[in-house]
Number of protein chains: 2
Amino acid sequence: MAKKSDLLPGTLDLLILKTLSRGPQHGYGIALSIKRQSEDALTVEEGSLYPALQRSLLQGWVKAEWKMTETNRRARFYTLTEAGRSQLGAEISKFEQMIAAISLVLSDHTPKEAL
Amino acid sequence: MAKKSDLLPGTLDLLILKTLSRGPQHGYGIALSIKRQSEDALTVEEGSLYPALQRSLLQGWVKAEWKMTETNRRARFYTLTEAGRSQLGAEISKFEQMIAAISLVLSDHTPKEAL
DNA sequence: CTCTATCCATAGCTGTTCTATGGATAGATA
DNA sequence: TATCTATCCATAGAACAGCTATGGATAGAG
């Protein structure tokens with residue numbers, strides 16, 4: 001993992017899959033979408049994005065095809081597959097569980113077992 | 001990073017520092033505390049914990065001293081330093097910002113710039 | 001006396017993300 | 001025309017976190 005990541009490590013796939021769930025996108029567009037949706041809080045570097053897309057291709061979570069952009073440029077469009085959609089669901093629920101668990105630790109409650 | 005981590009990567013130091021903010025603890029106790037506080041959702045492996053503690057020592061976030069446990073065993077007690085306390089604050093706020101940003105992406109809102 | 005829980009710690013691996021590059025083209029501007 | 005900027009692709013190499021696996025030691029229970 002990187003030391004001072006611009007995002008929370010382990011959440012990149014989640015962000016990409018979620019973005020693609022809104023419709024097919026090319027790599028550059030995915031990066032822009034995440035930046036826009038997060039109101040500039042999250043920046044995905046291309047050096048992180050493309051390897052992640054390759055991994056997603058291998059996993060079968062997305063498929064890719066070359067097309068033309070609205071701006072008349074060749075670009076590789078990624079589309080979420082069914083497997084990708086189910087993976088997205090799994091990652092969302094895991095993420096939410098993690099957040100809930102961490103929040104328990106950060107809060108100052110007394111755990112059940114101590115009562 | 002591990003593929004299927006038991007915790008969210010990048011949050012281990014946060015969890016350790018927070019635990020120590022409740023009072024000095026030895027390594028084994030820290031692991032138990034996190035498990036208990038998270039109601040068994042988070043398990044910190046010893047192979048993750050001790051290296052993390054070494055890093056924290058180097059960073060000056062914690063100090064360590066050998067003492068005796070209530071159960072009459074030698075144990076290395078870690079105490080949060082002032083630097084550690086301020087680091088904890090920084091990590092908490094960064095973590096909260098990250099969660100907020102990711103939540104924006106996961107939600108189906110329309111970002112400001114698109115309006 | 002043996003077993004389990006408590007306690008420490010390191011070595012080595014793997015995977016993720018970053019930085020740093022490298023390349024190419026469309027359209028705007030000078 | 002020339003050059004610059006934004007758009008678009010992608011890989012190599014490094015750094016680092018966290019895991020598995022391992023090894024050791026002791027207190028107390030059975």
Side-chain angles (χ1 to χ4, degrees), chain A residues 1-17 24-36 42-59 61-62 64-78 91 94-95 98 102, chain B residues 1-17 24-36 42-59 61-62 64-78 91 94-95 98 102:
Chain A
M1 188 190 327
K3 34 184 198 276
K4 293 297 179 184
S5 179
D6 260 354
L7 30 86
L8 247 196
T11 61
L12 180 56
D13 288 345
L14 173 61
L15 294 171
I16 292 174
L17 294 177
Q25 284 264 23
H26 47 79
Y28 191 77
I30 293 172
L32 289 183
S33 286
I34 292 176
K35 195 179 181 63
R36 236 182 328 116
L42 302 177
T43 299
V44 178
E45 305 296 332
E46 296 192 307
S48 307
L49 178 63
Y50 290 105
L53 285 171
Q54 299 304 322
R55 290 194 298 271
S56 290
L57 275 171
L58 280 177
Q59 296 285 339
W61 297 337
V62 302
E65 45 186 345
W66 287 96
K67 284 191 183 173
M68 279 313 199
T69 313
E70 298 173 358
T71 57
N72 201 31
R73 298 171 129 271
R74 284 179 72 254
R76 209 170 176 203
F77 281 79
Y78 296 88
E91 294 211 9
K94 172 154 189 182
F95 176 75
M98 283 294 173
I102 293 173
Chain B
M1 186 193 320
K3 33 185 199 276
K4 294 297 181 184
S5 178
D6 259 354
L7 30 87
L8 247 195
T11 61
L12 180 55
D13 288 344
L14 174 61
L15 294 171
I16 292 174
L17 294 177
Q25 284 264 22
H26 48 77
Y28 191 77
I30 293 172
L32 289 183
S33 286
I34 292 176
K35 195 179 180 66
R36 235 182 329 115
L42 303 176
T43 300
V44 178
E45 305 296 332
E46 297 192 306
S48 308
L49 178 63
Y50 290 105
L53 285 170
Q54 300 304 321
R55 290 194 298 270
S56 291
L57 275 172
L58 281 177
Q59 296 285 340
W61 297 336
V62 302
E65 45 185 346
W66 287 95
K67 286 192 182 173
M68 280 310 199
T69 312
E70 298 172 358
T71 58
N72 200 31
R73 297 171 130 272
R74 285 179 72 253
R76 209 171 177 202
F77 281 79
Y78 296 87
E91 295 211 9
K94 172 153 189 182
F95 176 74
M98 283 294 172
I102 293 173

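So that the names make sense, note that chain A is the first sequence line, chain B the second, and so on, each numbered from 1. Just so you know, these numbers use all the heavy atoms, side chains as well, and skip hydrogens, waters and symmetry mates.
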- [ ] Write down the distance between CD1 (B:Ile16) and C1' (D:dG18), rounded to a whole number of angstrom.
- [x] 11 Å
Task: d(CD, B:Glu70; C1', D:dG28) in whole Å - done: 16 Å
What pairs of nitrogen or oxygen atoms, one from the protein and one from nucleotides 9-11 of chain C, lie under 3.5 Å apart?
residue : atom : partner : partner atom : Å
C:dA9   : OP1  : B:Arg76 : NH1          : 2.7
C:dA9   : OP2  : B:Tyr78 : OH           : 3.0

Task: Nearest-Å distance for atom pair CG/C1', residues A:Leu12 and C:dG15 - done: 13 Å
Open item on the list: What's the separation between atom CZ in A:Phe77 and atom CE in A:Met68, rounded to the nearest 0.5 Å?
Closed with: 10.5 Å
- [ ] Measure the shortest side-chain to side-chain distance between B:Leu49 and B:Tyr28 over non-hydrogen atoms and say whether it is less than 4.5 angstrom.
- [x] no
Task: Nearest heavy-atom neighbours spanning A:Asp6 and A:Glu45 - done: OD2-OE2, 3.7 Å
Open item on the list: Please confirm whether the shortest side-chain N or O distance from B:Thr69 to OP1 or OP2 of C:dC7 is below 4.0 Å.
Closed with: yes
TODO: Examine D:dG18: is either OP1 or OP2 under 4.0 Å from a nitrogen or oxygen in the side chain of B:Arg55? Give yes or no.
DONE: yes
Open item on the list: Check the phosphate of C:dT6 against B:Arg74, side-chain N and O only, distance under 4.0 Å to OP1 or OP2. Yes or no?
Closed with: no
- [ ] Would you classify B:Thr43 as touching base, sugar-phosphate or nothing, given that sugar-phosphate means primed atoms plus P, OP1 and OP2, and contacts are heavy atoms under 4.0 Å?
- [x] nothing
Open item on the list: I need the CG-P distance between B:Leu49 and C:dC8, as an integer number of Å.
Closed with: 8 Å
Task: Exercise: identify the closest heavy-atom pair between A:Tyr78 and A:Gln54 - done: OH-NE2, 4.2 Å
TODO: Can you tell me the distance, in whole Å, between the OH atom of B:Tyr28 and the C1' atom of C:dC8?
DONE: 12 Å
Open item on the list: Give me the atom names and distance for the closest heavy-atom approach of B:Asp13 to B:Ser56.
Closed with: OD1-OG, 4.3 Å
Open item on the list: Given B:Ile30, which partner from the list B:Leu53, B:Leu15, B:Val44 fulfils the side-chain contact (heavy atoms from CB on, under 4.5 Å) test?
Closed with: B:Leu53
Open item on the list: Distance check needed: D:dA6 C1' versus A:Asn72 CG, whole Å only.
Closed with: 15 Å
TODO: Could you state the atom-to-atom distance from CE of A:Met68 to C1' of D:dC8 in whole Å?
DONE: 12 Å
Open item on the list: Just the rounded figure in Å: distance from C1' of C:dT16 to CG of A:Asp6.
Closed with: 15 Å
TODO: Examine D:dC8: is either OP1 or OP2 under 4.0 Å from a nitrogen or oxygen in the side chain of A:Thr71? Give yes or no.
DONE: yes
Open item on the list: Using the salt bridge (charged side-chain N to carboxylate O under 4.0 Å, His left out) criterion, which residues pair with B:Glu65? Sequence neighbours excluded.
Closed with: B:Lys67
